[in-house]
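Below you'll find the structure, written out as C-alpha cells, and then a few comments.
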Amino acid sequence: MTGNNGNRSEELAADIKRQFGTEATKRFLRSLPAFRTEADIPEHFRDLLDRLDGIEASVADGQRRQ
C-alpha cells in the first residue's frame, strides 16, 4: 500500500461530505420519509435539532473559508 492511497481516501471522504452538504442533496433527502421530522415532536427535541443545524452550518461555513 502506498502513501498516496491514504491521501485519495481523505480526498474521497471530503468530496462525499461536500456532496451531502449541497442544497440539492438536502432537498432530496427531506423529500424521503425516513429523513422527515415529525411535526409533533416535543419542543425540547425541536430546540436541540435547531441547535444542531446551527452548529453544522457554522462548521460548514468555517470549512468553506479555509
> Same cluster for Phe20 and Leu12 if Ile/Leu/Val/Met/Phe/Trp/Tyr side chains link at under 4.5 Å?
Replying inline: yes
>> Could you measure the distance from the CD atom of Glu11 to the CD1 atom of Ile16? Nearest 0.5 Å is fine.
In response: 12.0 Å
> If you measure from CG on Leu49 to CG on Asp53, what distance do you get to the nearest 0.5 Å?
Replying inline: 6.5 Å
> If every non-hydrogen atom of Gln19 is compared with every non-hydrogen atom of Thr25, which pair is closest and at what distance?
Replying inline: O-OG1, 2.9 Å
>> For Lys26, is there an ion pair with Glu23 - N to carboxylate O distance below 4.0 angstrom?
In response: yes
